Amino acid sequence: MQEVSKSTINILAIESSCDDTAAAILQNGKILCNLVASQKIHEKWGGVVPELASRAHQQNIIPVVDAAIKQSGIDKKEISAIAFTTSPGLIGSLIVGTSFAKSLALGLNIPIIEVNHMQAHILSHFIDEPFPKFPFMCLTVSGGHTSITKMNNYFDFEVIGKTTDDAAGEAFDKAAKILDLPYPGGPLIDEYAKNGNPKAFQFPTPNVPNLDFSFSGLKTAYLYFVRDKIIDDEHFIKNNLNDICASIQFSIIQHLMKKLIKASEETGIKEIAIAGGVSANTGLRKAIETEGQLRNWKTYIPKFEYCTDNAAMIAITGYHKFLAQDFADQSVSPSAR
Ligand code: KG4
Ligand code: ZN
């Protein structure tokens, strides 16, 4: 067992907003353990089935939290507070994490900290140095959200652009479905795109004002494009998969980058971060680096394990809330939005 002084802050963090049951232990700002149990059950349904997700969280949550505590080497009596996601997400999934966290905290007689999942994606940049300097801008791209946020401080932020319809991750996943690829298709499109020509096929640039995004037109364009091509050649997808994926990926990245560049020009901010599941995309990571060099940006690209849903990001957010003594009471309840 580790030596724990009175000033040691140990945060147990729990993330259960969608289809990953995750737990992490953080000690004084450093992650000791970060575990995730991904739910394979949704693959055959082509998307996350909320009822199945809640049931799987129910099964996974105790083993995952137990393993995280054991692997971190601390005793559960040394946990200072429990941080957990209360929004946004699937309500049934959030209820499992929230109920478990509240009960455990009550049993251990320790405070609870509520965490917003999207804020946590952004604050994942404070897990490992170098940390972004405030004010910085973050392009957050996940399966349910796409936004540009100006971060003035840990908890003082402004959303200066957001999607008016689908999220970037949804565009990847829906494109993959059109190509008959399994769910979640984003990482597969990324894989095939590595060997394809991004200029092989052209898709329209979404026309949306200000710093906002729109992906629904692109999704329809992919659908009609594939439908028309397979009329002439039923093997079109199979024979051109790399080029199709590279071109689809290129169209999504172009739209994201155009708005991010505009946001940097309008605000004068050159500290630029990306976060969320889609920030794992190879093409987007490269585009940020290339534009960054060109425009003198200081860029922050998360480690792969902190891109998709994880509890380490909940832990670091919980830690900063702990330092600010921002605790929730036992009546806190989750919300889908
Ligand atoms: O942040 P996340 O794990 O969950 C949400 O909060 O939604 O993001 C999941 C999304 C999915 O749409 C998935 O297809 C996408 O992130 N994604 C990717 C890649 N890895 C995950 N999209 C493109 N390329 C990737 N490498
Ligand atoms: Zn997420």
Side-chain angles (χ1 to χ4, degrees), residues 13-22 24 34 36-39 42-43 46-48 50 53 57 84-90 93-94 97 115-125 138-147 149 162-163 166-179 181-194 196 198 213 215 218-219 222 245-257 273-288 301-314 316-317 336-337:
I14 295 169
E15 154 62 32
S16 72
S17 65
C18 191
D19 59 340
D20 292 309
T21 320
N34 181 35
V36 54
S38 297
Q39 304 176 1
H42 307 288
E43 241 173 59
V48 178
H57 282 305
F84 53 98
T85 309
T86 53
S87 68
L90 299 171
S93 294
L94 290 166
V115 173
N116 176 285
H117 180 89
M118 299 316 296
Q119 210 175 0
H121 268 303
I122 301 175
L123 295 184
S124 66
H125 285 287
C138 188
L139 171 69
T140 314
V141 272
S142 74
H145 292 80
T146 296
S147 58
T149 310
K162 60 180 183 330
T163 184
D166 293 348
E170 232 173 321
F172 270 106
D173 295 338
K174 284 179 179 166
K177 206 168 189 171
I178 293 167
L179 300 174
L181 298 174
Y183 177 87
L188 290 169
I189 294 200
D190 189 355
E191 238 4 81
Y192 289 115
K194 284 177 188 160
F213 302 92
F215 291 98
L218 274 178
K219 179 187 67 188
Y222 305 148
C245 288
S247 302
I248 286 175
Q249 180 169 297
F250 183 72
S251 65
I252 296 171
I253 293 173
Q254 283 291 95
H255 185 37
L256 293 171
M257 291 307 298
I274 51 171
V278 180
S279 66
N281 183 267
T282 321
L284 179 61
R285 294 166 85 92
K286 263 197 208 128
I288 298 274
I301 299 172
K303 274 187 188 166
F304 283 109
E305 62 186 302
Y306 301 143
C307 291
T308 44
D309 291 348
N310 64 88
M313 68 185 195
I314 308 300
I316 194 72
T317 309
R337 291 181 176 275

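What's counted below: heavy atoms across the whole structure, side chains too, no hydrogens, waters or symmetry copies. Every value quoted in this text rests on a predicted model; they were computed, and no experiment measured them. Order of appearance sets the numbers: ligands from 1, and atoms from 1 within every ligand.
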>> Just to check, does Gly144 reach to within less than 4.0 Å of ligand 1 when the distance is taken from its heavy atoms?
In response: yes

> Would you call His121 a ligand 1 contact, heavy-atom distance under 4.0 Å?
Replying inline: yes

> For ligand 1, which atoms have a heavy atom of Thr308 less than 4.0 angstrom away?
Replying inline: 3 (O), 21 (C)

> What atoms in ligand 1 come closer than 4.0 Å to a heavy atom of Ala280?
Replying inline: 20 (N), 26 (N)

>> If you apply the rule side-chain contact (heavy atoms from CB on, under 4.5 Å), what do you find for His121 with Cys138, and how did you get there?
In response: CA-CA 10 Å; His121 268 303; Cys138 188; over 6 Å; no

Contact between [X] and [Y] at the side-chain level, heavy atoms closer than 4.5 Å - yes or no?
X	Y	value
Leu94	Phe84	no
Tyr222	Lys177	no
Ile252	Asn281	no
Thr282	Glu191	no
Gln249	Asp190	yes

Please write down residue, atom name and distance for the protein heavy atom closest to [atom].
atom	answer
atom 15 (C) of ligand 1	Val278 CG2, 3.9 Å
atom 22 (N) of ligand 1	Gly186 CA, 3.5 Å
atom 10 (C) of ligand 1	Gly143 N, 3.5 Å
atom 14 (O) of ligand 1	Asp173 OD1, 2.6 Å
atom 2 (P) of ligand 1	Asp309 OD1, 3.3 Å
atom 24 (N) of ligand 1	Asn281 ND2, 3.0 Å

Short N/O distance, under 3.5 Å, between [X] and ligand 1?
X	result
Pro184	no
Gly169	yes
Gly277	yes

Between [X] and [Y] (side chain of the first, backbone of the second, donor and acceptor by atom type, cut-off under 3.5 Å), is there such a pair?
X	Y	result
His57	Cys18	yes
His125	Ile274	yes
Asn34	Ala24	no

>> Below a 4.0 angstrom heavy-atom separation, can you tell me which part of His117, side chain or backbone, both or neither, approaches ligand 1?
In response: side chain

> Using a heavy-atom cut-off of under 4.0 Å, does the side chain or the backbone of Asp190 touch ligand 1, or both, or neither?
Replying inline: side chain

> Relative to the Zn ion (ligand 2), how many protein N, O or S atoms have a separation of less than 2.8 Å?
Replying inline: 3

> Parallel under 30°, tilted from 30 to 60°, perpendicular over 60°: which one fits the rings of Phe215 and Phe213?
Replying inline: parallel

> More than 12 foreign heavy atoms under 6.0 Å from OH of Tyr306: is that the case here?
Replying inline: yes

>> Taking side chain to side chain contact (heavy atoms under 4.5 Å, CB included) as the definition, give me every residue that meets it alongside Asp20, ordered by chain and number, with sequence neighbours left out.
In response: Val36, Ser38, Asp309

>> Between Thr146 and Val278, is the side-chain contact (heavy atoms from CB on, under 4.5 Å) condition met? List the steps.
In response: CA-CA 10 Å; Thr146 296; Val278 180; over 6 Å; no

